[in-house]
Amino acid sequence: MNLSDSQTGGSVPRRVSAMEAVLSHLRSAIERGEYAVGDKLPSEAELCRSLEVSRPVLREALRALQTMGLTVSRTGKGTFVVSNGPVVDPTFGDYAASDLIEVRRHVEIPVAGYAAARRTPEDLDHLAHLLDRMERETDTTAWVAMDTLFHLAVAQAAQNPVFRRVIEEIRDALARQSAFLNELGGRREQSNREHRAIVEALIDGSEHDATEAMAHHLDRVETTLTAIVRPEGSESPDGPESTDTPTEGEPPE
């Protein structure tokens, strides 16, 4: 099978990875009812043969389907369809995406302001070094690991151990969400720019700019996540998806 046949028409702003192509194909098949709720998906070996992809690529796509809430994996039994979508609130580790965003807005935005006021030269050196490494990194797994370290470093710069402890608690979920957004949303370069704006605000010691930069970063995270799980043209449980987009610095409603 030629996976490009499963992609929708129109131009795309970036190259679609093999994993995205597999995910798009399987998700479309589920949403069209080719695999109904309760059905078991073909085995990994069968899917690899029919889709002409490697097992690691297929497993990434299957994990994304599960994150979206479309399937569930049962040990020793296989992967089963549990929803035909669209999925509104995917789960990353132990936490729903909406819960993560809510907590991050209430914690990381003010933390960025505290960090701007309290950061030490050592904090700035560490953040600048980390950001330089992230901007050079091409491996998604390595970049995701540094992404979580970046947010921990901002919390550390706020000089309050409780803030760092909160970020540590959700660290695994943040990593899963980051990997998901980078694999399916092409977020890496945009995220690097947003991180750069945060670091520049910390260097300037501007609490206002730091909180604005972090708020904008979280807005973009939420917007990208929504675009992935509820593509344009799909309907939410409450009706058609709104096409309104938040203005810069203004949280989505």
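Just so we're clear, the structure is a prediction, and the values are computed from it rather than from any experiment.
Val166 and Phe150 fall within the same hydrophobic cluster, defined by Ile, Leu, Val, Met, Phe, Trp and Tyr side-chain heavy atoms under 4.5 Å apart, directly or through other members.
By the neighbour-count criterion of 12 heavy atoms within 6.0 Å, atom OH of Tyr114 is sparsely surrounded, having that number or fewer from other residues, nucleotides or ligands.
Ring geometry for His151 versus His195: interplanar angle over 60°, hence perpendicular rather than tilted (30 to 60°).
Looking only at atom types and distance, the side chain of Thr67 has no donor-acceptor partner in the side chain of Arg176 under 3.5 Å away. A donor atom on one side chain and an acceptor atom on the other are found under 3.5 Å apart for Asp147 and Ser178.
Panel note: side chain Thr211, backbone Glu207; a donor-acceptor pair is recorded below 3.5 Å. The main-chain N or O of Ser98 is found under 3.5 Å from a side-chain atom of Asp89 such that the two form a donor-acceptor pair.
Using a 4.0 Å cut-off between charged nitrogen and carboxylate oxygen, Arg105 and Asp219 count as a salt-bridge pair. One finds no salt bridge joining Arg133 and Glu137 here, because no Lys/Arg side-chain nitrogen approaches an Asp/Glu carboxylate oxygen to under 4.0 Å.
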#### Entry: Full working for side-chain contact (heavy atoms from CB on, under 4.5 Å) between Arg196 and Asp132
CA-CA 9 Å; Arg196 175 66 66 182; Asp132 287 342; 3.3 Å; yes
#### Entry: Intermediate values then yes/no, side chain to side chain donor-acceptor pair (under 3.5 Å), Ser43 and Glu46
CA-CA 5 Å; Ser43 69; Glu46 291 177 83; 3.1 Å; yes
### Task
Give the C-alpha distance, both sets of side-chain angles, the deciding distance and a yes or no for side chain to side chain donor-acceptor pair (under 3.5 Å) between Glu194 and His216.
CA-CA 8 Å; Glu194 293 158 12; His216 176 68; 4.5 Å; no
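Residues passing the salt bridge (Lys or Arg N to Asp or Glu O under 4.0 Å) test with Arg165, sequence neighbours excluded: none. Every side-chain hydrogen bond (donor to acceptor under 3.5 Å, both in side chains) that Thr120 has, sequence neighbours left out, goes to Glu122, Asp123.
Tested against Val81, the residues Leu26, Val72, Leu41, Leu65 include a single side chain to side chain contact (heavy atoms under 4.5 Å, CB included) partner, Leu41.
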